[in-house]
Amino acid sequence: MADSSKPETLGFQTEVRQLLKLMVHSLYSNKEIFLRELISNASDAADKLRFESLANPDLLGGETDLSIRIEVDKDKQQLSVIDNGIGMSRDEVVDNLGTIARSGTAEFLEQMTGDKKHDAQLIGQFGVGFYSSFIVADKVTVETRRAGLSADEAVRWESDGQGEFTIEHIDRADRGTRVTLHLKDDQKEFAESLRVETLIRKYSDHIGFPVTLLVVGADDKEARIVNSATALWTRPRTDISDDDYKEFYKYLTHDFADPLAWSHNRVEGKREYTSLLYIPTAAPFDLWNREAPRGLKLYVQRVFIMDDAEQFLPLYLRFVKGVVDSSDLPLNVSRELLQQNPELAAIRGALTRRVLGMLEKMASSDSDDYQVVWREFGQVLKEGLVEDPANKDKLARLLRFASTHNDNDVQDQSLEEYVGRAGPEQDKIYFILAENHATAVASPHLEQLRKRGIEVLLLTDRIDPWLVDGLAEFEGKKLVDVARSALELPESVDAASQDEINEQHKSLLEKIKKVLGDRVECVNVSRRLVDSPACVVAADDDLNPQLRRMLEASGQAIPESRPILEINVEHPLVSRLSREADDAVFDDLSNIVMDHALLAEGTQLDNPAKYVQRMNKLLLDFNSGATGG
Ligand code: ADP
């Protein structure tokens with residue numbers, strides 16, 4: 001073991017080094033946020049001590065009033081944030097102030113571009129925390145003593161933020177933590193009492209502990225209380241300004257940007273709790289990481305209990321941030337106990353409806369905010385159709401789609417708009433699933449519908465095959481895949497049945513089927529094509545090709561199924577095929593028609609080389625035909 005009386009030098013984890021460098025560079029124009037981060041840490045430390053003291057009251061000793069003090073020393077160019085909260089042991093200091101424990105950090109850092117604005121936004125989503133001190137300080141000293149440890153078990157951590165830090169044991173009479181910033185020469189403003197007081201007020205008015213300011217060397221030796229020291233959500237709504245709500249959000253989430261919307265409610269009566277829920281402006285970098293922390297901050301009777309209580313909202317609302325403060329849950333509630341608590345299901349149901357209501361309100365207002373929500377979180381919301389059947393109807397109204405109504409590559413059309421345009425005589429909602437927007441827009445499956453002015457929703461998200469399964473219908477109108485064999489259009493294009501039309505072209509269909517063999521289930525005359533010679537469709541009970549590709553890519557064994565080839569008997573290429581006397585040419589042409597139908601829906605060919613050979617041959621014939629003729 002190292003000699004604990006001497007400072008030991010340790011290196012930062014690589015990710016911390018990178019983050020420090022990027023942060024100082026990109027956050028310079030937001031530099032004062034370091035104070036918010038330090039106050040937030042101090043307040044968390046007080047929260048944690050109060051929580052731990054529920055089980056172990058000795059931790060508080062005689063010092064039961066928890067508070068935060070800020071000291072500025074103009075002569076020394078120092079600013080300190082001091083709390084009498086939980087403090088840290090030596091191991092905790094090394095872990096907390098030398099590493100970043102969040103998974104996905106390396107990938108996150110790779111997204112940094114060097115462009116200040118872009119990077120600042122990204123780092124904002126990541127949450128900067130303690131390390132932001134180095135934007136304004138060229139040296140930071142942390143002295144801390146964990147609650148429950150003796151005075152000689154305190155620790156001093158010090159670093160210039162370049163790559164290493166020192167750590168040593170010290171004697172410290174006080175419990176809790178003192179973070180001292182040795183300000184850079186050009187950051188003296190943060191040792192000015194007026195400047196700092198304004199910032200403290202902005203950053204700490206909403207937290208539940210008193211924050212005092214002490215100006216070292218001033219005539220007034222008393223520390224003054226500068227905040228109102230009541231937790232924001234406990235105040236009446238009428239007393240809280242929009243700016244207060246926004247500041248509290250930033251304090252809570254470490255986000256840089258303002259939230260898009262919030263909802264603050266107190267529920268009284270049989271069950272009592274307060275919730276303050278926020279919709280952020282941008283998705284966090286780890287929205288798709290299942291391990292990423294999510295959930296609300298839980299308080300019971302104003303005592304902080306836990307961060308990231310994910311039990312209060314369903315997974316598909318994991319982007320929502322906020323606080324829930326319950327009067328009914330027991331103070332000793334743990335994650336496991338919470339799960340079993342009968343109160344939980346009721347609160348969860350109510351909070352879910354509350355969020356959906358907030359989204360509904362945004363969606364029906366004129367502002368563009370909902371478009372932002374949909375862009376950032378739409379794919380997550382879609383999970384709700386599968387996960388939360390009880391709220392299916394509400395969720396369905398929140399969905400937005402790209403559509404042939406405008407062919408835009410923007411998901412901006414609602415089902416209500418679709419149904420309104422379709423009119424009562426159209427009893428179905430048509431959609432197409434495709435790999436991407438370009439494939440969807442150009443799909444041969446849409447031709448007949450386009451010609452007849454029938455709108456089709458263009459679905460290209462990975463989750464869409466599940467979405468349409470989960471949704472199934474809207475306002476009594478069934479959702480119908482236009483790439484399925486039994487497509488029924490409002491009034492049948494042709495009154496004759498599929499069998500009757502096939503009968504008229506029987507020999508051609510049989511001949512093509514013979515050539516294509518196992519490549520197709522069968523060959524039909526198409527009623528959905530106008531401009532294209534052919535398309536492939538799936539039998540009604542088959543997996544759709546998008547889902548099949550996805551499942552195959554994830555290594556699942558999928559039972560073989562063959563597509564149905566539909567040909568457009570009006571098309572010149574098909575007429576030519578029907579007149580073709582040379583068997584070899586007929587064979588090539590039929591296969592090319594089939595390959596093109598597959599390519600058009602985004603399916604990869606099993607044998608692309610063979611396709612290229614046939615195509616080359618055809619082009620050569622065409623060429624010699626042209627010169628010869
Ligand atoms: P975050 O607060 O987002 O977790 P930080 O980088 O700000 O990230 O802090 C890292 C960790 O260091 C905190 O989670 C906490 O455990 C610890 N820490 C920071 N400041 C204090 C403090 N004043 N008292 C006790 N622990 C602290």
Side-chain angles (χ1 to χ4, degrees), residues 12-13 15-20 22-24 27 33-53 59 63 66-71 79-105 108-109 123-137 140-149 153-159 161 165 167 172 174-181 203-204 207 209 211 249-256 284-286 292-295 297 304 306-308 321:
F12 285 121
Q13 182 197 22
E15 281 90 343
V16 176
R17 263 179 238 200
Q18 288 172 310
L19 184 73
L20 277 168
L22 288 162
M23 181 160 6
V24 173
L27 293 188
I33 55 116
F34 78 89
L35 195 55
R36 180 182 77 207
E37 302 295 309
L38 294 181
I39 293 175
S40 160
N41 282 347
S43 157
D44 286 350
D47 267 342
K48 282 182 201 158
L49 175 59
R50 195 149 66 180
F51 174 66
E52 285 194 18
S53 70
L59 286 180
E63 199 179 355
L66 300 175
S67 65
I68 299 164
R69 188 167 85 240
I70 295 175
E71 280 181 20
L79 177 146
S80 307
V81 178
I82 304 140
D83 67 70
N84 58 357
I86 191 75
M88 286 177 273
S89 67
R90 185 185 188 281
D91 287 349
E92 286 169 332
V93 171
V94 173
D95 278 352
N96 292 335
L97 309 183
T99 62
I100 304 176
R102 221 162 142 188
S103 72
T105 304
F108 164 79
L109 286 164
I123 295 191
Q125 288 168 40
F126 185 76
V128 286
F130 169 79
Y131 299 113
S132 62
S133 312
F134 288 102
I135 308 173
V136 296
V140 178
T141 310
V142 178
E143 293 178 337
T144 183
R145 177 182 147 201
R146 199 182 198 289
L149 294 184
E153 290 177 280
V155 183
R156 176 185 293 131
W157 175 103
E158 199 161 74
S159 177
F165 58 90
I167 186 147
R172 184 167 200 264
D174 298 333
R175 176 191 70 215
T177 305
R178 175 188 192 104
V179 179
T180 303
L181 309 194
Y203 291 143
S204 71
I207 64 176
F209 302 100
V211 179
Y249 166 79
K250 291 177 182 171
Y251 153 84
L252 193 72
T253 61
H254 303 270
D255 194 347
F256 270 44
F285 78 98
D286 49 7
R294 62 191 166 81
K297 201 163 174 162
F304 164 78
M306 67 178 85
D307 282 310
D308 312 318
K321 307 279 183 199

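Counting convention: from 1, in listed order, for ligands and their atoms alike.
Checked against salt bridge (charged side-chain N to carboxylate O under 4.0 Å, His left out), Asp255 has no partners two or more places apart in sequence or in another chain. The salt bridge (charged side-chain N to carboxylate O under 4.0 Å, His left out) check on Glu15 picks up nothing, with sequence neighbours excluded. Residues that satisfy the salt bridge (charged side-chain N to carboxylate O under 4.0 Å, His left out) test with Lys250, not counting sequence neighbours, are Asp258.
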Requested in this report: Given ring-ring contact (aromatic ring centres under 6.0 Å, His included), test Tyr203 with Tyr251 step by step and report yes or no.
Outcome: CA-CA 7 Å; Tyr203 291 143; Tyr251 153 84; 9.7 Å; no

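One N or O on the side chain of Asn84 and one on the backbone of Ser67 form a donor-acceptor pair closer than 3.5 Å.
Using cut-offs of 30° and 60° on the angle between ring planes, the pair Tyr131 and Phe12 is perpendicular.
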Ligand 1: which protein N/O atoms lie under 3.5 Å from its N/O atoms?
{"from": "ligand 1", "atom 1": "2 (O)", "to": "Asn41", "atom 2": "OD1", "distance (Å)": "2.8"}
{"from": "ligand 1", "atom 1": "6 (O)", "to": "Phe130", "atom 2": "N", "distance (Å)": "3.3"}
{"from": "ligand 1", "atom 1": "7 (O)", "to": "Asn41", "atom 2": "OD1", "distance (Å)": "3.2"}
{"from": "ligand 1", "atom 1": "7 (O)", "to": "Asn41", "atom 2": "ND2", "distance (Å)": "2.8"}
{"from": "ligand 1", "atom 1": "7 (O)", "to": "Phe130", "atom 2": "N", "distance (Å)": "2.7"}
{"from": "ligand 1", "atom 1": "16 (O)", "to": "Asn96", "atom 2": "ND2", "distance (Å)": "3.2"}
{"from": "ligand 1", "atom 1": "23 (N)", "to": "Asp83", "atom 2": "OD2", "distance (Å)": "2.9"}
{"from": "ligand 1", "atom 1": "24 (N)", "to": "Thr177", "atom 2": "OG1", "distance (Å)": "3.4"}

